[in-house]
Number of protein chains: 2
Amino acid sequence: MTTKERIAEEALNLFSVKGFRGTSVKNIADAVGIKDSSLYKHYKSKKEIFDGIVLEMRKRMENMSQYIGLPDDSDIQASARMYGELTLENLLELSRKIFLFYLTDDFISKFWRVATMEQYQNEEIYDIFRHIFMEESITYQTLVFREMIRNGIFIEVNPEVIAINFYTPIFFLLSKYNGRAEGKAEGLEILENQIKEFYRIYRKKNV
Amino acid sequence: MTTKERIAEEALNLFSVKGFRGTSVKNIADAVGIKDSSLYKHYKSKKEIFDGIVLEMRKRMENMSQYIGLPDDSDIQASARMYGELTLENLLELSRKIFLFYLTDDFISKFWRVATMEQYQNEEIYDIFRHIFMEESITYQTLVFREMIRNGIFIEVNPEVIAINFYTPIFFLLSKYNGRAEGKAEGLEILENQIKEFYRIYRKKNV
DNA sequence: GTCTATACCTGGATAGAC
DNA sequence: GTCTATCCAGGTATAGAC
């Protein structure tokens, strides 16, 4: 790993705990093991380090669904078919995957925290946060659930309403446990109960 | 209003946008219309202003249910009875009340933002935030829904699971729209759809 | 590309006059 | 209780030697 990459990494570590303003260039340099002045050979300002992190997040956004292990957006019908014989176990696995990805993926979970702290001072950060953590997942799941209704797997309810009922418990648990590793097991347990109930509500009974 | 109170008020205004570290004592003094040095006659440090805000929040916590207009905790059965002939309109009103209280109450909504920003650097703040915005409402609603099941108004499902399904969309919408006044109407519309669906799911049909 | 040294500024806080 | 003046620490950033 280049020094430039190590700077970005340590900066994200620090930003995700102490925030942008709470982290000094010296803090970052110390973590990397160089003097603060040396850091300026790699980035011309502290803000530029931050912007690099934002850029990296934007890049990952583009192929987020691969990261979560979801089928590609371009083929919603296929994914709905994939969930064709949707069992409770399938659904639990999917929800756990999304939850644990956001919660434990190193870059994503730290970015969640940084964005949470910076959202009110930085419109761009809020837009990214909202897009990734509040809209994308719901938009995607809406399309999937719509197909599942069409295929007679789910009962006939507005698919966006279903998607919100699917996602908001996950969002809530992420808000509660991100940055608190101890809570992972507790979060998973609550999630399991919610998903079981979700399945009970929306899975069409085979007649 | 005393100068001391005005300092606390302006400090909260600034903290809720720029965070604790992002706000200087001079910023606060300017907003109040005094010199920064004069501020120290009222508070002995910037941290003390912050602690005063936290203390105020703790005080409000104690009689939070009154603020939301909910019946007192001590009489859960009465409130369940109050919801006895629970109509969709009752439930919509209740959810709107909770949502709009957290979203538009001046002190509470600003505290939400401050706590959101400071939670990772300040364990006490995280504890308060979690308690007020993540646990209290669910705990309370769990008790109410349990009574409603007992009274045959709601179908028989684990009441905590129901409470989480009731509250997490509200929490999500608060996260999305707190500090963004423009989004209030949009949030209310989404909330309405979710509550209608909630009612459809849990309200026992009269046989 | 790393270091030492330094410039420059802002922020928190105190002293003392009025 | 407000002001001016001041101190000191820490923060961002640059210059220049190696």
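Quick note: numbers below take in every heavy atom, side chains included, and nothing from hydrogens, waters or symmetry partners. In the text below, chain A, chain B and the rest are named by the order of the sequence lines, each starting its count at 1.
- Partners of Lys41(A) under the side chain to side chain donor-acceptor pair (under 3.5 Å) rule, at least two apart in sequence or in another chain, do not exist in this structure.
- Exactly one residue among Tyr140(B), Phe198(B), Tyr167(B) makes a ring pair (Phe, Tyr, Trp, His ring centres under 6.0 Å) with Phe145(B). That residue is Phe198(B).
- Each of Val25(B), Thr2(B), Leu39(B) was scored for a side-chain contact (heavy atoms from CB on, under 4.5 Å) with Ile7(B), with one residue passing: Leu39(B).
- Remark: P of dT6(C) and NZ of Lys35(A) are 15 Å apart, rounded to the nearest angstrom.
- When each of Phe101(A), Phe171(A), Phe15(A), Tyr177(A) is checked for a ring pair (Phe, Tyr, Trp, His ring centres under 6.0 Å) with Trp112(A), only Phe171(A) meets the rule.
- With sequence neighbours excluded, the residues satisfying side chain to side chain contact (heavy atoms under 4.5 Å, CB included) with Ile155(A) are Val157(A), Tyr202(A), Lys204(A), Arg200(B).
- Taking atom CG of Asp30(A) as the reference point, atom C1' of dG11(D) lies 13 Å away to the nearest angstrom.
- Annotation: proximity of residues 13-27 of chain A to DNA chain C (heavy atom, distance under 4.0 Å) is found for no residue.
- Against DNA chain C, the stretch residues 37-55 of chain A makes heavy-atom approaches under 4.0 Å through Ser37(A), Ser38(A), Lys41(A), His42(A).
- The distance from the NE2 atom of His42(A) to the CD1 atom of Ile49(A) is 10.0 Å, given to the nearest 0.5 Å.
- For residues 173-186 of chain A, the set of pairs meeting the salt bridge (Lys or Arg N to Asp or Glu O under 4.0 Å) definition, not counting sequence neighbours, comprises Lys176(A)-Glu135(B).
- Applying the salt bridge (Lys or Arg N to Asp or Glu O under 4.0 Å) test to pairs two or more places apart or on separate chains, none has a residue in residues 158-169 of chain B.
- Nucleotide dA15(C) holds its P atom 15 Å from the CG atom of Asp36(B), rounded to whole Å.
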